[in-house]
*Asks:* 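Take a look at the following structure, please.
Along the sequence shown, the residues carry numbers beginning at 1.
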Amino acid sequence: MNTTLRLTMRRLGRQLDKVSTGGWLLGLVFFALSLTPSLIPRNFAVQGVLCGCTFAAGYGIGVFLEWLWDFLELSWPNRRVSRWVGRGFAFLCLLLTVTFLWFSTGWQNSIREGMGAPPVEANQPLLVALIAIVPAAILIGLGTALVRGVQLVSGWLGRLIPRRVAFVFSLIAVGILTWTVGNGVVARNALALADRFYGNLDRLAGSYESAPTDANRSGSAASLVPWDTIGLDARIYVQSGPTPDEIAALTNKPAKEPLRVYVGLRSAETPDQRADLALAEMDRIGAFDRSVLVLIMPVGTGWVEPSSIDTLEILHGGDVASVAVQYSYLTSWLSLVSEPDVGLETAKALFQAVYQRWTEMPKDSRPKLYLHGLSLGAYSSAASSQLYDILADPFQGALWVGPPFASATWRSATDNRDDGSPWWQPKVGDSSVVRFSNGGPLDPTIPWGPMRIVYLQYPTDPIVFFEPSMVYSEPSWLMGVRGAGVSPLLNWYPVVTFLQVALDMALAQTAPIGFGHVYAPQDYFDGWVAVTEAPGWSQAELDAMRTKLTRHGDVSVIGGGWFRSSLPVN
């Protein structure tokens with residue numbers, strides 16, 4: 001029996017000697033660290049995928065470091081000792097992984113606790129490990145294929161030129177080929193396929209709804225926008241919203257019928273034509289006769305969050321006209337990582353068309369003009385105008401919610417925050433132009449200037465706080481005092497935290513309302529109160545209205561329950 005065991009251990013040792021020791025060691029360490037908490041809670045299936053990807057990343061880095069050691073012609077003093085040291089470290093890393101799997105449930109529950117969500121009893125550690133095998137094997141296989149390709153090309157070239165020169169040229173050649181195929185063929189075709197899929201879904205999903213009968217609604221028989229050119233998300237925006245009676249019942253004030261204009265991606269050929277169509281539709285229904293006019297850039301799929309516009313219409317007694325123009329079929333997180341500038345041309349075209357008409361109107365009779373966007377819509381909306389072009393006649397303000405990390409205006413304001421203010425809630429200058437909110441009312445005693453800009457962002461929103469530099473440096477939002485909902489057990493680890501938060505971006509819509517990328521109606525309301533300063537409201541009335549915007553599980557309810565905050569994956 002002892003002989004059999006010794007033979008088995010010896011064979012296992014030989015097999016382990018064939019595998020990169022550095023790859024296994026670092027892979028197991030990365031696997032273990034990926035079990036620690038990040039911004040969004042993960043279930044066992046998602047955790048398994050993340051563990052597999054992080055293991056593959058650690059394995060690749062370990063293999064590279066091992067190769068670099070050999071390339072520099074370094075060696076251990078004693079090969080036998082080094083072999084057993086490697087096996088010892090492998091055992092310790094395996095023990096670390098098992099221990100972290102045991103504690104992973106508690107770590108995930110630390111995120112849930114900060115969000116007020118119920119804890120989970122177990123995180124299925126065995127299933128996590130089994131699921132991780134699949135992405136790890138795929139990624140390591142791809143990496144191995146690239147290494148074999150470099151070796152093959154290097155062998156060919158080595159017959160003609162010096163060996164190390166051949167190696168450098170083979171790296172360049174395989175790198176260029178991989179980038180060309182991966183980015184130019186695979187990625188672009190996958191993106192085109194996703195665009196066609198979401199485009200067909202947008203077309204089919206809305207085809208079962210009948211056109212509105214109200215002549216003031218886009219898509220009606222009187223509308224300039226054909227009903228079959230706007231999809232499901234647009235139709236929810238066009239056909240939902242509070243009626244004058246509902247607004248009056250909530251506010252105890254007289255109310256008007258809010259006006260909403262929507263132009264779909266299929267409604268016209270180019271961004272300029274869609275902007276012109278939106279302007280014509282606004283003229284048709286009298287949008288410029290309202291007291292408040294809002295230019296909305298929707299999220300990637302064309303979605304306009306109901307609570308973002310409903311709360312504004314309630315606040316102003318329905319005396320609001322809003323216009324949204326679709327620019328993509330893709331979900332926001334997919335657009336953000338693949339084509340973040342996809343909505344800029346549309347946002348600029350809409351702003352220029354409306355702003356030109358607005359500036360031609362008498363200042364004492366034109367509506368107040370505001371910009372609004374959520375997620376990728378905030379990114380596009382913020383880039384729709386240039387400061388120097390509007391200084392002579394500025395619009396009144398903007399409410400930008402969940403601005404993506406790639407937004408230049410958000411980044412500039414955050415980078416120039418006052419010393420002492422945290423990254424997740426910056427204070428910019430005297431706060432007369434730009435203010436940041438993590439939810440809740442803004443200080444009404446601080447005076448505003450002629451333009452009011454509010455960024456609404458939750459500290460747990462990975463769309464906002466993802467940073468590519470997390471690969472090698474700790475993000476600023478983890479330093480010092482942490483924002484509400486951020487787990488105290490969240491720590492930064494090179495590469496691992498980058499992958500964790502990158503996956504969090506895809507999970508951002510799964511957080512409870514009021515956390516992640518799911519913004520609560522009462523926080524939209526507070527943002528609009530600060531930006532628009534609606535007349536006719538006392539502080540007591542605002543406080544009373546805020547109490548009617550309640551949070552109940554995963555459904556937000558306004559007043560008597562007529563409003564439901566849909567939570568699409570966008």
Side-chain angles (χ1 to χ4, degrees), residues 198 201-202 205-206 209 212 216-219 223 225 227 229-242 258-267 274-275 277-278 281-282 285 287 292-316 318 320-333 335 342-343 346-347 350-351 354 370-382 384 398-404 456 463 509 513 517-521 523-525 527-528 531 556 558 563-570:
Y198 282 109
L201 183 64
D202 182 74
E209 298 286 340
N216 284 334
R217 297 183 182 270
S218 295
S223 174
V225 182
W227 181 240
T229 65
I230 58 178
L232 178 63
D233 287 350
R235 297 181 180 195
I236 292 174
Y237 163 73
V238 168
Q239 294 185 307
S240 66
L259 300 178
R260 297 184 177 187
V261 171
Y262 196 101
V263 175
L265 199 54
R266 298 188 303 274
S267 300
R274 288 190 282 272
L277 179 59
E281 182 78 348
M282 293 167 68
I285 64 174
V292 174
L293 177 60
V294 186
L295 307 186
I296 301 174
M297 289 306 295
V299 300
T301 60
W303 174 262
V304 177
E305 176 60 33
S307 56
S308 70
I309 185 62
D310 291 349
T311 52
L312 176 65
E313 292 168 345
I314 293 169
L315 182 63
H316 288 269
V320 177
S322 58
V323 54
V325 179
Q326 187 181 15
Y327 54 86
S328 175
Y329 297 122
L330 298 177
T331 57
S332 275
W333 72 268
S335 295
V342 65
T346 297
L350 177 64
F351 178 81
V354 175
Y370 299 96
L371 307 185
H372 173 62
L374 165 66
S375 191
L376 194 61
Y379 175 97
S380 301
S381 178
S384 65
L399 176 60
W400 291 319
V401 182
L456 172 58
I463 300 293
Q509 289 276 357
I513 294 176
H517 203 58
V518 186
Y519 289 86
D523 295 330
Y524 279 110
F525 180 79
W528 285 124
V531 171
S556 295
I558 294 181
F563 167 82
R564 300 287 183 191
S565 177
S566 301
L567 299 177
V569 180
N570 52 40

*Asks:* Show the nearest heavy-atom pair for residues P403 and A378, with the distance to one decimal.
*Replies:* CA-CB, 4.1 Å
*Asks:* Which heavy atom of V325 sits nearest to which heavy atom of A278, and what is that distance?
*Replies:* CG2-CB, 4.1 Å
*Asks:* Can a donor-acceptor pair be found, under 3.5 Å and without considering hydrogens, that links the side chain of Y237 to the backbone of G302?
*Replies:* no
*Asks:* Quick one: ring pair (Phe, Tyr, Trp, His ring centres under 6.0 Å) partners of F351, sequence neighbours excluded?
*Replies:* Y355, F395
*Asks:* Do the side chains of R260 and V304 get nearer than 4.5 Å, heavy atoms only?
*Replies:* no
*Asks:* With side chain to side chain contact (heavy atoms under 4.5 Å, CB included) as the test, would you mind laying out the steps for M282 and L293 before giving the verdict?
*Replies:* CA-CA 10 Å; M282 293 167 68; L293 177 60; 3.6 Å; yes
*Asks:* Using side chain to side chain contact (heavy atoms under 4.5 Å, CB included) as the criterion, point out the one residue from L277, V323, V238, T229 that pairs with S218.
*Replies:* V238
*Asks:* In Å and rounded to the nearest 0.5 Å, what is the CG to OG distance from L399 to S308?
*Replies:* 8.0 Å
*Asks:* Rounded to the nearest 0.5 Å, what separates atom CD in E281 from atom CG in L259?
*Replies:* 10.0 Å
*Asks:* Keeping S384 on the side-chain end and S381 on the backbone end, is there a donor-acceptor pair under 3.5 Å?
*Replies:* yes
*Asks:* Given 3.5 Å as the limit, does a donor-acceptor pair link the side chain of R274 with the main chain of L265, or not?
*Replies:* yes
*Asks:* For a 4.5 angstrom cut-off between non-hydrogen side-chain atoms, does Y524 reach L312?
*Replies:* no
*Asks:* Does H316 have any ring pair (Phe, Tyr, Trp, His ring centres under 6.0 Å) partners at least two apart in sequence or in another chain, and if so, which?
*Replies:* none
*Asks:* Which heavy atom in W400 sits nearest to a heavy atom in A382, and how many Å separate them?
*Replies:* CZ2-CA, 3.4 Å
*Asks:* In a check of side chain to side chain contact (heavy atoms under 4.5 Å, CB included) between W528 and each of V292, V294, D523, which one passes?
*Replies:* V294
*Asks:* Which pair of heavy atoms, one from P521 and one from T311, lies closest together, and at what distance?
*Replies:* O-CG2, 3.6 Å
*Asks:* With the side chain counted from C-beta on, respond yes when S223 and R217 share a heavy-atom pair under 4.5 Å apart, and no when they do not.
*Replies:* no
*Asks:* Decide yes or no for L376 and Y327: does some side-chain heavy atom of the first lie under 4.5 Å from some side-chain heavy atom of the second?
*Replies:* yes
*Asks:* Working to the nearest 0.5 angstrom, can you tell me the gap between I314 CD1 and I309 CD1?
*Replies:* 10.5 Å
*Asks:* Nearest 0.5 angstrom please: S307 OG to Y519 OH, how far?
*Replies:* 12.0 Å
*Asks:* Any idea which heavy atoms bring V263 and I230 closest together, and the distance?
*Replies:* C-CG2, 4.3 Å
*Asks:* List the atom of G402, the atom of I463, and the distance in Å for their closest heavy-atom pair.
*Replies:* O-CG2, 4.1 Å
*Asks:* Checking the side chain of Q326 only, and the main-chain atoms of G264 only, is there a donor and an acceptor separated by less than 3.5 Å?
*Replies:* no
*Asks:* Please tell me if the side chains of T346 and M297 come closer than 4.5 Å, counting only heavy atoms from C-beta onward.
*Replies:* yes
